[in-house]
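Some notes on the structure that comes next.
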Amino acid sequence: MSKKVRVRFAPSPTGPLHIGGVRTALYNYLFAKKYGGDFILRIEDTDQNRLVQGTENYIIETLKWIGIEPNEGVGFGDGQFAPYRQSDRKDSYRQYAEQLLNAGFAYYAFDTETDLEQLKATHPNFKYDANTREQGKNSLTLSKEEVAQRLANNEHYVIRIKLPLDEDVKFHDEIRGHVTVNTSQMDDKVLLKSDGMPTYHLANVCDDYVMQISHVIRGEEWLPSAPLHVLLYRYLDWENSMPKFAHLPLLLKPDGNGKLSKRDGDRLGFPVFPLEWTDPISNEISSGYKQKGYLPESVLNMLAFLGWNPGTEQEIFSKEELIVAFSIEHIHKAGAKFDFEKAKWFNAEYIKKLSNEALASLVKETVTTKFGNQDDVYLTKALGLVKERFVFLNDVELFGYLFQPTEKYDVTILSKINNIKENFNVDAFADFLLQQTNTDLIAIETSLKEFATNNNIKVGDMMKFLRVSLVGELSGPTIPELIQLFGSEETNKRVKNCFSQL
RNA sequence: GGCCCGUUCGUCUAGGGGUUAGGACAGGAGAUUUUCAUUCUUCAAACACGGGUUCGAUUCCCGUACGGGCUACCA
């Protein structure tokens with residue numbers, strides 16, 4: 001009996017999608033997949049003045065990167081309800097506005113910008129509504145002839161909804177329960193703008209109806225206009241097929257006030273965009289999760305947990321597991337501050353779960369650029385030694401010593417191993433290292449210790465010296481692992497070079 | 001200002017009329033690792049406040065405070 005689940009993600013291409021938007025898309029996706037439904041991408045580009053070049057494509061690329069591809073929509077193939085870009089559907093909205101006009105639920109308004117400014121100036125808290133519309137120039141106050149004349153003259157006009165003076169509008173929100181708003185708190189919103197484009201309210205309602213959307217899952221910023229949408233469904237006689245509403249808690253700035261916004265860019269010390277974005281006008285670059293070295297699976301998992309939880313203590317979820325576990329009942333009501341530390345933790349966890357081969361293929365390009373060509377087998381083995389040190393994929397840059405010897409050692413670090421110089425026969429040690437052909441980790445360690453004892457060197461001092469020689473720092477993987485990786489010849493070279501600088 | 005929504009450790013959250021209020025991140029301590037990281041153990045840390053209702057409220061109701069959203073021919 002209940003209709004097929006069809007949800008949509010409906011961003012406007014007025015800037016790059018930020019992570020809050022991605023989360024909204026994700027929740028829609030999870031909900032659709034859970035119930036075997038459809039997930040649709042609709043581009044809401046009804047404001048022609050705010051369009052930003054390239055953002056439509058950015059949205060598409062983001063959804064692809066993070067792995068939540070719509071089954072219908074702009075960039076993802078047409079379903080039976082194409083087109084999915086509202087500017088391409090422009091002509092379809094007028095008929096609905098006229099339907100409302102004919103039914104007495106809407107009217108023409110000819111007020112100019114100046115007219116409205118004047119009304120606002122003379123009436124404190126002015127809003128265009130049942131109490132004030134008689135002061136405007138509209139088809140309710142003007143004579144029939146004058147309205148016809150103005151329309152015939154192609155005068156600019158908008159079509160506004162005609163709201164009742166005092167009526168409770170009630171609806172059920174899947175997250176917040178019952179919500180009631182009185183029409184006295186609302187205003188006669190413009191439905192069709194003077195450029196012939198619909199506003200969000202009209203376009204959104206019409207498209208959701210036409211595209212047979214079953215659930216509207218969107219940000220909480222839409223909650224105040226939901227009653228208006230309910231009224232539109234009613235006045236268009238679509239109330240029986242009205243979708244269910246779920247208004248998501250907002251993502252808040254971690255540092256203080258307000259919802260996270262596109263303008264936050266890199267100001268907060270972490271990216272707010274999934275992909276790097278270059279502003280087409282200012283050329284300003286904002287960093288993206290992808291370029292920072294986040295795995296899409298990690299971002300997906302992290303975002304899912306911002307405002308939702310599975311009700312269990314499991315935190316690491318694959319996309320498939322999320323689909324199974326997801327439910328609207330477990331969406332939190334309050335806004336969530338973005339937790340950058342947790343995002344890092346998720347990413348480190350996901351990198352640790354990667355096989356060495358998978359990690360190698362993900363960082364190969366960076367390694368090649370930074371440190372030159374590497375043999376695949378060597379690269380894989382080397383990464384295995386440092387995998388648990390990664391937070392971001394880009395951290396591979398910190399492990400250059402795996403691919404290139406240190407030419408010039410840091411003097412402060414050298415000063416910490418300087419004491420080995422006295423009565424240390426570096427040539428004997430280097431020769432000894434060169435003779436090591438055993439690749440067994442324990443055997444390497446044992447023979448190193450033997451050398452130290454036989455030559456009256458403290459094991460600790462020798463290990464420190466070796467470490468600095470091989471790594472260039474006082475921390476890193478175990479010595480035997482490094483020797484095993486580098487081989488005796490390379491080990492020998494590094495040791496000699498390091499000692500020469502002591 | 002008006003209206004709407006919200007409020008559990010620093011952060012993300014579980015829970016819900018009677019609980020030692022649970023977990024995770026971050027932080028502290030310790031163990032392992034002759035280093036560091038990992039891993040493990042462990043510690044500290046919360047029901048915004050005031051009134052009801054009730055035998056009992058953090059949980060239900062009402063107020064207050066605080067936070068957020070909306071208040072455009074923007075979405």
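In the text below, chain A, chain B and the rest are named by the order of the sequence lines, each starting its count at 1. We use all heavy atoms of the structure for the numbers below, so side chains are in, but hydrogens, waters and symmetry mates are not.
Atom NZ of A:Lys189 and atom C1' of B:C74 are 11 Å apart (whole Å). In this entry the distance linking CG of A:Leu252 with C1' of B:C66 reads 13 Å, nearest Å. Straight-line distance from the CD1 atom of A:Ile479 to the C1' atom of B:A37: 14 Å, rounded to whole Å. Here the P atom of nucleotide B:G68 and the CG atom of A:Leu260 are 13 Å apart, to the nearest Å.
B:G27 and B:C43 make up a base pair, with Watson-Crick or G-U wobble contacts both under 3.5 Å. Across all strands shown, the partner of B:G50 is B:C62, judged by Watson-Crick or G-U wobble contacts whose two distances both fall under 3.5 Å. Under the Watson-Crick and G-U wobble criteria, each requiring two contacts below 3.5 Å, nucleotide B:U32 is left unpaired. As the counterpart of B:A57, no nucleotide is assigned, since no Watson-Crick or G-U wobble pattern has both distances under 3.5 Å. For B:G1, the paired nucleotide is B:U71, the pair qualifying as Watson-Crick or G-U wobble because both relevant distances are below 3.5 Å. Pair check for B:A14 finds none; no Watson-Crick or G-U wobble contact set falls under 3.5 Å.
Side-chain contact check for A:Ser447 and A:Gln436: at least one donor-acceptor pair (N or O, by modelled atom type) lies under 3.5 Å. Counted by atom type alone, A:Asp173 and A:His247 present one or more donor-acceptor pairs between their side chains at under 3.5 Å.
Closest to the side chain of A:Glu341, out of B:U7, B:C25, B:C73, is B:C25. Proximity note for A:Gln185 (side chain, C-beta onward) versus B:A75, B:U13, B:C3: the nearest is B:C3. Looking at the side chain of A:Asp47, the nearest of the listed nucleotides B:C12, B:A75, B:G15 is B:A75. Distances were taken from every side-chain heavy atom of A:Lys193 (C-beta onward) to each of B:A75, B:G6, B:G22; the shortest belongs to B:A75. Listed candidates were B:C73, B:C4, B:A24. Nearest to the side chain of A:Val181 is B:C4.
For A:Lys342 against B:A26, a side-chain-to-base donor-acceptor contact under 3.5 Å is absent.
Residue-level contact check: A:Phe305 touches the backbone only, with heavy atoms under 4.0 Å from sugar-phosphate atoms and none from bases. A:Arg50 comes within 4.0 angstrom of a nucleotide base, judged by non-hydrogen atoms across all strands. As judged by a 4.0 angstrom heavy-atom cut-off over every strand, A:Asp111 is placed among the base-contacting residues. Nucleic acid contact class of A:Leu223 (heavy atoms, under 4.0 Å, all strands): sugar-phosphate only. Here A:Gly219 lies out of heavy-atom contact (under 4.0 Å) with every strand. Among the heavy atoms of the strands lying under 4.0 Å from A:Pro477 is at least one base atom, whether or not backbone atoms are also near. If you check every strand for non-hydrogen atoms under 4.0 Å, A:Ser475 touches a base. Across all strands shown, A:Ser194 has heavy atoms under 4.0 Å from base atoms, whether or not it also approaches the sugar-phosphate.
In terms of phosphate contacts, A:Lys259 brings a side-chain nitrogen or oxygen within less than 4.0 Å of OP1 or OP2 of B:C70. Between A:Thr46 and B:A75 there is a side-chain N or O to OP1 or OP2 distance below 4.0 Å. Of the side-chain N and O atoms in A:His332, none sit less than 4.0 angstrom from OP1 or OP2 of B:U8. Close to B:U38, at under 4.0 Å from its OP1 or OP2, lies no side-chain N or O of A:Arg389. Look at A:Asn309 and you'll find a side-chain N or O under 4.0 angstrom from OP1 or OP2 of B:A14.
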Could you tabulate the donor-acceptor pairs under 3.5 Å formed by side-chain atoms of residues 94-101 of chain A, not counting sequence neighbours?
{"residue": "A:Arg94", "atom": "NH1", "partner": "A:Tyr157", "partner atom": "OH", "Å": "2.9"}
{"residue": "A:Gln95", "atom": "NE2", "partner": "A:Ser92", "partner atom": "O", "Å": "3.4"}
{"residue": "A:Gln99", "atom": "NE2", "partner": "A:Leu236", "partner atom": "O", "Å": "3.3"}

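Geometrically, A:Arg160 engages A:Tyr128 in a cation-pi contact, judged by NZ or CZ lying under 6.0 Å from the ring centre and within 45° of the ring axis.
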So which protein nitrogen or oxygen atoms get under 3.5 Å of nucleotides 39-48 of chain B's nitrogens or oxygens?
{"residue": "B:U39", "atom": "OP1", "partner": "A:Lys352", "partner atom": "NZ", "Å": "3.3"}

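Minimum interatomic distance between A:Pro11 and A:Ile59 (heavy atoms only, all atoms of both residues): CG-CD1, 3.7 Å.
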